[in-house]
Structures are given as C-alpha cells and as structure tokens.
Amino acid sequence: MLQVNEIRANFSQACERLNARNFENPEEVLGNVLKLEDLRKQIQLERDTLQAESNTISKQIGKLMQAGNKEEAEKIKLRTSEIKTQVKSLEESYSQTETELTQILYTIPNIPHSSVPAGKSAEDNEIVLENGTVPQLEEGNKSPHWELIKKYDIVDFELGVKIAGAGFPVYKGKGAKMQRALINFFLDEAEKAGYTEVQPPILINEESGYATGQLPDKEGQMYFAQEDGLYLIPTAEVPITNMYRDVILQEDELPKKNTGYTPCFRREAGSWGAHVRGLNRLHQFDKVEIVQVTHPDNSYNTLEEMSLHVQGLLQKLELPYRVLRLCGGDLGFTSALTFDMEVYSAAQERWLEVSSVSNFETYQTNRLKLRFKNKDKKTVLAHTLNGSALALPRIMAAILENNQSENGIKMPKALVPYLGFDTIA
RNA sequence: AGAGGAGUGGCAGAGUGGUCGAAUGCGGCGGUCUUGAAAACCGUUGUACCGCGAGGUACCGGGGGUUCGAAUCCCUCCUCCUCUGCCA
C-alpha cells in the first residue's frame, strides 16, 4: 500500500510513473486519496476537540461526586450527553472515510522504479543479459519434457488427476529424487549466501494475505479453505515476509535474510493453453524462496545481489538463461522493480520463467508495519525484497530437455552429490 | 473436542469504576564517581494519529456494549497454560 504522504510529496511524479504501468487515471485516483485524507484529518480534529471537552467534564464530575455535590454533577452531565451523540456520528464518518481511503489504496499498485520501461506486455520487457550456450539437440533426441517424463516414468500426470486433478503431478522414482535434490541444493546455496532457513505454515490467514498484497488483488488465484478462513500460499513470500509483520527492528539487525522451501498453490483460473503442457504450469509446485528485509538505502544493491545469487544457481545447473527487466505492463502489482530469470528449454525451443526477483520498497512494509529504528532513533519503514531461488518444475523441464541424448539424460554435476546418480536412463 | 485458569509497557508484575499511559523490580539509554570496569547514586526510557505550536485523541489480546467516566463491569471472538479425550 502506498504511503499517502509520499503521494502528496511527489504527486506528479507518482502519476507519471503509474502511467508507465498503464494504471488508469492516476491523477483522479491519487487526487481522491489526498481529498479523503484531508477529510479524515478534518473529522479527527473535530472529534478530538469534542472528546477532549468530554474528558474534562468527566473529570469534573468525578471530583464533584467525591465532594458529594451530586446536583452540580447532574447539571454538567447534560452537556456530555450532547457531546456523546456528536462524537458518535463523527466517529462513524471517520471510520467510513478511513475505510474508503484504504479501499482506494488497495487498488493502487506500487509505483514503478524510474528504470522500469513503459510497456504493455511481456513483449516489452527489456533483455538485460544472456548467459550460457543454447544446446543444439540432435534429431531423434529432441523430445519435450512431457515425453521424456513418460519415457523414463519419472512424473505421472494421470495419477495426479486421479488423486487430485489436472496440474497436480506425481513425481516418481528418479523424478521424486530430482525434486528432493533440487530443494536441498537450493537451500544449501541460500544458506551459504547467509540466508537463515525457515519452515513456515503453508496456509495463511486473511491478514497475512493483505499485508504482502496478495489480497485483495489476487483473491481468485489462491485456494481458500472456507471452513477455517485460510488461504493456501501461492508463494513462500507470504508467510516468510509476514514473520516480520508488526515488528520494529534495530538498524544494526538489517538486513534480515531468510530462505524457505514450501509447496506453492495456484488456481491460475482460465490460463490453460498451448504453452502450459507438462511441467510448464501447475496448480501445485515446489519452490525455494529468498526474502530480505533491508535498509531503504541498500535495497537496490540487495536486488542486484539477489539477482546474482539466482544467476549463480542457474550457472551451477549449467542452464542457459537470460535476465529480463520487466516493463510496467508486466510488473507485479506490489513490485517497484522486477528482474525475471528465464532458462532456455531446448526441445520446446523457448524461454521459461524460473525466477522473479523484486524490490517492493515500502509497499509491503507499510501494510506490514515493518519498521526499524534508525540512527536518529526515528522509526522508519524498511524495504522488502524477494525472489524465487528457484521454482522447481521448469528447472526440471529444462534439465531434462537440454541434457537428453541416446544414452539417457545427464544430470548437472552440481546436482549429482544430491541425487546419488548422474544419469536418468 | 470438553472442563478450568490466564492474557497489562522490552521482560517480570501490581492495579477490579474517576487525578491510571498505568505502581514497583529488571533490562535499555544518558550522567556522576573511577586510570578503566563493576557496584552505588541521579535522570531518562511505548506506539499511532491530529495540531505551526502549546497541546490533544486513541491504545492494558481483538471487536462490540453499559456508564458522565472502563485496564477495571457485561457480551463475543482469538491466543496461551493445566487436566481429560483424540491423534501424525
């Protein structure tokens, strides 16, 4: 959620940046925010003044009662009942105004960083760099992963359909082992990079969903357990970042670095099509996430650091990849700047997104009330960042496709100690 | 899941209708003393919002109510502890 005082201080700049992500009528919407806040302040002033008077009178009544002067006390009581009705109605318009204000703020996405290119869709994303060589597969060994997993019997979609439904694969044998190996590899690498591992709940309450911005924006994309009012997490970002909700840190405690492995659940309603075969898009998948809470001055250095960490993983897995700077139209609702990492999937002959590394600046911390005490002992909002490091299914798809040959599928060296085998044949 | 008990400032813990934003202790911060440290002593020490300021308002698990006035009384929800039951 944007900070109103920031909107006020940088109004035209905010409007201009929101245009970069195709937000409609920023002037009108942000203007409304300011108007509503002014109104809120005005109502508060009125209410507080009346309340102050009422408090004073109440104290007088207390003294009179103690002195035994009941008559005088009854007399001034009249005024307080008058105040009471006024305060009550002011109270109502206050909370109404405040609700209206937050409702609007919930609909406003984060303001894109100045480096975010304007653009409508993924096609306008900027390619920052490409790394690694795209393998040339020989004819006859150019199968997409959905054929390979059948051939070697390592992932079974039909079985998943029987148990749950489409998009819930069953990993079997070496396929299951690959999952476990990747999770351990990613967690170990994150730990080496200074992240503390956590295992959070994978169901979250409504408050957590609002705090990191999945609600109300992505309501329909999360599975919901009606009976208990809990959502299945779409990413570990939600529970991990929410560990710091309502927390005031000391400046020297920053940065906070956490990593966690969780399953992730996405309903992805209506997004089934040609490009979502096999492991490309699932309702349930595994992911290791990295999350940082930083000083506002450092968050963009941290974003770079996190991006390099993810790239390091891809290099160790010997996967060709590229890094994209997302354009305004493709930028997530809560993000100020996002880099996507895509690996090349040699049989599908296309790039697959495997990680998204984002800086949310204060957009999340404002809702989280995640702050720190700076050197001047002032309490200020921290910045949050997170990134996938990494999401498993598409990594698995790319490893399978890129390393296939007539002798089977060769595993990346870095993974062999975790797997206990070097080939799937 | 049932019965009982409890939720107060960083922590411990008092307060059961009026001057309580809240005693006291510990911790933290500043100072005196000391070559330095410890001890001792003195002072200070929550958050948010409104106001140019003086200052004001709200917050004692969350929400609602009674009252001129609520940490204190009532309702409701949540959490924790103890016992019983169930269970990976």
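Labels below follow one simple rule: chain letters A, B, ... track the order of the sequence lines, proteins then strands, and each chain is numbered from 1.
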Atom pair distance, as rounded to whole Å: CG in D38(A) and P in C49(B): 16 Å

Candidate pair R394(A) and E342(A), rule salt bridge (charged side-chain N to carboxylate O under 4.0 Å, His left out), full reasoning: CA-CA 9 Å; R394(A) 293 176 191 165; E342(A) 299 184 334; over 6 Å; no

Pairs involving residues 162-178 of chain A, ordered by first then second residue, that meet salt bridge (charged side-chain N to carboxylate O under 4.0 Å, His left out) (sequence neighbours left out): D153(A)-K172(A), D156(A)-K172(A)

Atom P, compared across C78(B) and U67(B): separation rounded to whole Å: 28 Å

P spacing across the pair A3(B) / A22(B), given as an integer number of angstrom: 40 Å

Sort me out a list of protein N/O and nucleotides 19-22 of chain B N/O pairs below 3.5 Å, or just none if empty.
{"from": "U19(B)", "atom 1": "O4", "to": "Q66(A)", "atom 2": "OE1", "distance (Å)": "2.9"}

Pairwise P distance for G27(B) and C77(B), with rounding to whole Å: 42 Å

Euclidean distance for C1', G65(B) against G9(B) (whole angstrom): 27 Å

Selected nucleotide, minimal atom distance to R371(A) side chain, candidates U47(B), C68(B), C49(B): U47(B)

Gap between atoms CD and P, on Q250(A) and G27(B) respectively (whole Å): 18 Å

Whole-Å distance separating the CG atom of N366(A) from the P atom of C49(B): 10 Å

Length of the CD-C1' vector between Q3(A) and C49(B), whole Å: 15 Å

E37(A) vs I57(A), nearer the 5' end of RNA chain B by closest nucleotide: E37(A)

Sugar-phosphate, base or nothing in reach of K373(A), heavy atoms under 4.0 Å: sugar-phosphate

Ring centroid separation F372(A) to H295(A) under 6.0 Å: yes

is_close_aromatic(F168(A), F157(A)), centroid dist under 6.0 Å: no

Sugar-phosphate only, base, or nothing, as touched by S58(A) at under 4.0 Å among non-hydrogen atoms: base

Sugar-phosphate only, base, or nothing, as touched by L45(A) at under 4.0 Å among non-hydrogen atoms: sugar-phosphate

Minimum-distance pair of heavy atoms, taken over all atoms of C327(A) and V116(A): C-CG1, 3.8 Å

Selection residues 202-223 of chain A - residue pairs positive for salt bridge (charged side-chain N to carboxylate O under 4.0 Å, His left out), sequence neighbours left out: E207(A)-R245(A)

Nearest heavy atoms of I233(A) and P239(A), plus distance in Å: CG2-CD, 3.6 Å

Between G62(B) (P) and N205(A) (CG): distance, integer Å: 16 Å

What's touching nucleotides 56-58 of chain B from the protein side, N or O pairs under 3.5 Å?
{"from": "G56(B)", "atom 1": "N2", "to": "D48(A)", "atom 2": "OD2", "distance (Å)": "3.2"}
{"from": "U57(B)", "atom 1": "OP1", "to": "N55(A)", "atom 2": "ND2", "distance (Å)": "3.1"}
{"from": "U57(B)", "atom 1": "O2'", "to": "D48(A)", "atom 2": "OD1", "distance (Å)": "3.1"}

Under 3.5 Å: donor-acceptor pair, side chain of T99(A), backbone of S95(A): yes

Side-chain donor-acceptor contact under 3.5 Å, H383(A) with E361(A): no

Pairing stems for RNA chain B [at least three consecutive pairs; Watson-Crick or G-U; under 3.5 angstrom]: B:1-7 with B:78-84, B:10-12 with B:24-26, B:27-32 with B:40-45, B:46-50 with B:55-59, B:61-65 with B:73-77

R40(A) vs C50(B): side-chain N/O to OP1/OP2 distance below 4.0 Å: yes

Length of the line joining D246(A):CG and C78(B):P, which is rounded to integer Å: 20 Å

H113(A)/Y300(A) aromatic ring centres below 6.0 Å: yes

Smallest separation among heavy atoms of L30(A) and F11(A), with atom names: CB-CE1, 3.4 Å

Interatomic distance at C1', A14(B) relative to A23(B), whole Å: 6 Å

P gap between C59(B) and U66(B), integer Å: 16 Å

Distance under 6.0 Å and angle within 45° of ring axis: R40(A) vs Y94(A): no

Rounded interatomic separation in angstrom, taking CG from L90(A) and C1' from C49(B): 16 Å

Interatomic distance at P, U57(B) relative to G4(B), whole Å: 41 Å

S307(A): partners by side chain to side chain contact (heavy atoms under 4.5 Å, CB included), with sequence neighbours left out: Q311(A), M341(A)

Integer-rounded Å distance: C68(B) P and E71(A) CD: 18 Å

Gap in Å between the two C1' atoms, one belonging to C29(B) and one to G18(B), rounded: 35 Å

